Amino acid sequence: MTERTPGFATLAIHAGAQPDPTTGARATPIYQTTSFVFDDVDHAASLFSLQAFGNIYTRIGNPTNAVLEERVAALEGGTAGLAVASGHAAQVLTMHCLLAPGDEFVASRKLYGGSINQFNHAYKNFGWNVVWADPDDISSFERAVSPKTKAIFVESIANPGGVITDLEAVANIARQAGVPLIVDNTLATPYLCKPIDYGADIVVHALTKFLGGHGNSIGGMIVDAGTFNWSRENRYPMLSEPRPEYNGIVLHETFGNFAFAIACRVLSLRDIGAALSPFNAFLILTGIETLPLRMQKHCDNTLAVAEWLSRHDKVAWVSYPGLPGDRYHNLAKKYAPKGAGAVFTFGLKGGYDAGVKLVSNVNLFSHLANIGDTRSLIIHPASTTHRQLSDAQRVQAGAGPDVVRLSIGLEDKDDIIADLEQALATA
Ligand SMILES: *Cc1c(COP(=O)(O)O)cnc(C)c1O
């Protein structure tokens with residue numbers, strides 16, 4: 001008898017969850033507790049030395065968070081996940097397992113503005129050096145790799161510019177360099193794109209955005225694809241060398257194809273402490289149950305709005321890979337065939353001032369620094385999220401002075417368009 005592989009919508013509702021064994025509760029309970037009672041002294045000892053799986057303390061793991069971890073790992077097609085406090089925490093904890101002071105990683109320069117800041121500034125204090133590459137010139141990734149390179153980092157659909165990265169091409173470069181490819185899949189979610197299918201070794205998420213989907217919780221996730229050989233060449237000592245803090249265990253030897261997720265938990269999360277609240281995990285799990293329905297509606301609304309804007313006489317250009325003729329349209333058809341996401345940018349003929357006026361005149365849209373809400377959101381990156389960057393960095397990141405970013409919500413598309421119409425008329 002062959003066992004059925006559940007479809008995506010079924011996994012979005014069921015993966016990782018079962019009725020609570022003691023109460024029968026059907027929804028995943030919020031285990032709002034800091035700590036868990038040991039059976040006895042031997043049980044405690046085996047938990048602390050990683051000889052048994054189990055709950056110790058919510059900074060390291062929690063049963064509500066565990067359901068979320070299993071669910072996102074299943075949706076991405078990975079071996080295991082680790083839920084953390086935010087998308088940015090997922091990035092730091094991932095790099096902490098890969099890089100030592102003086103090491104480098106290569107990153108696409110078309111990234112979420114917060115990631116550009118984190119890589120350029122915060123990582124300096126850890127001695128982790130970013131080398132930027134251009135996703136529109138894949139060979140720049142090859143040129144950026146050096147003997148010190150420990151990882152390559154890209155976004156599948158990049159925030160804010162509507163850039164689609166050629167994941168397979170970058171994965172080939174990572175494989176040749178012998179380093180893992182990390183893909184931030186926040187804007188696509190696994191409903192639109194599964195980076196592991198194209199060679200990603202690690203997927204990171206801001207659950208804060210479309211996975212949670214309701215603008216009510218910050219959270220992050222690291223998914224281990226189980227594909228990378230951490231022991232080859234001994235370049236990743238956190239995984240391939242005996243760990244003094246766990247009686248000399250070698251994580252890759254002991255945990256095989258989910259060793260990276262374990263390393264992030266027992267070496268990064270345990271010591272850096274960016275733990276996710278179980279309450280947030282509960283809200284995000286509830287959001288994920290409707291992920292396929294929401295993402296499809298987000299994409300359908302977004303295509304309608306992008307088409308409408310591209311015909312408006314105050315609009316200079318629209319950058320949405322879902323539009324035929326967009327420079328990323330072919331990549332979108334390959335990597336995100338169900339839709340190119342709900343975040344995109346457009347340029348106003350009136351430049352910076354027109355951008356500021358537009359965000360002041362909208363009513364249905366909320367002017368704020370987030371994406372991936374049920375509500376439609378608008379921001380003028382040059383005066384907000386990308387303010388800290390230099391002019392050149394802003395343009396490189398797709399956030400020049402005339403650029404407006406939209407995150408299209410789940411309202412009726414005619415209402416969304418009507419709001420933009422009145423705001424553009426008065427701008
Ligand atoms: C928001 C975001 C992040 C950071 O997530 P937080 O939960 O805000 O820390 C990282 N990457 C992308 C693409 C994002 O949109």
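Numbering of residues begins at 1 and proceeds along the displayed sequence. The figures that follow rest on heavy atoms only: side chains count, while hydrogens, waters and symmetry mates do not. Bear in mind the structure is a predicted one, so any value in this text is a computation, not a measurement. Just follow the structure's listing: the first ligand is 1, and inside any ligand the first atom is 1.
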> Using a 4.0 angstrom limit on heavy atoms, which residues are close to ligand 1?
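Lining ligand 1 at under 4.0 Å, by heavy atoms, one finds S86, G87, H88, Q91, Y112, E155, N159, D184, T186, L187, A206, T208, K209, I218, G219, I371.
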
> For the residue pair W128 and H96, does the interplanar ring angle fall in the parallel (under 30°), tilted (30 to 60°) or perpendicular (over 60°) class?
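Rings of W128 and H96: tilted, 30 to 60°.
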
> Enumerate the residue pairs fulfilling ring-ring contact (aromatic ring centres under 6.0 Å, His included) with a member in residues 391-415, sequence neighbours excluded, ordered by first and then second residue.
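Of all non-adjacent pairs touching residues 391-415, none passes ring-ring contact (aromatic ring centres under 6.0 Å, His included).
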
> Just wondering, do I60 and R265 contact through their side chains at under 4.5 Å, heavy atoms?
yes

> Quick one: side chains of residues 399-410, donor-acceptor pairs under 3.5 Å with protein atoms, not counting sequence neighbours, listed by atom name and distance.
from: D402; atom 1: OD2; to: W317; atom 2: NE1; distance (Å): 3.1
from: R405; atom 1: NH1; to: N159; atom 2: OD1; distance (Å): 3.0
from: S407; atom 1: OG; to: G372; atom 2: N; distance (Å): 3.0

> According to ring-ring contact (aromatic ring centres under 6.0 Å, His included), does anything in residues 73-95 pair up with another residue at least two apart or in another chain? List the pairs.
H88-Y112

> Any sub-3.5 Å donor-acceptor pair from T149's side-chain atoms to F105's backbone N or O?
no

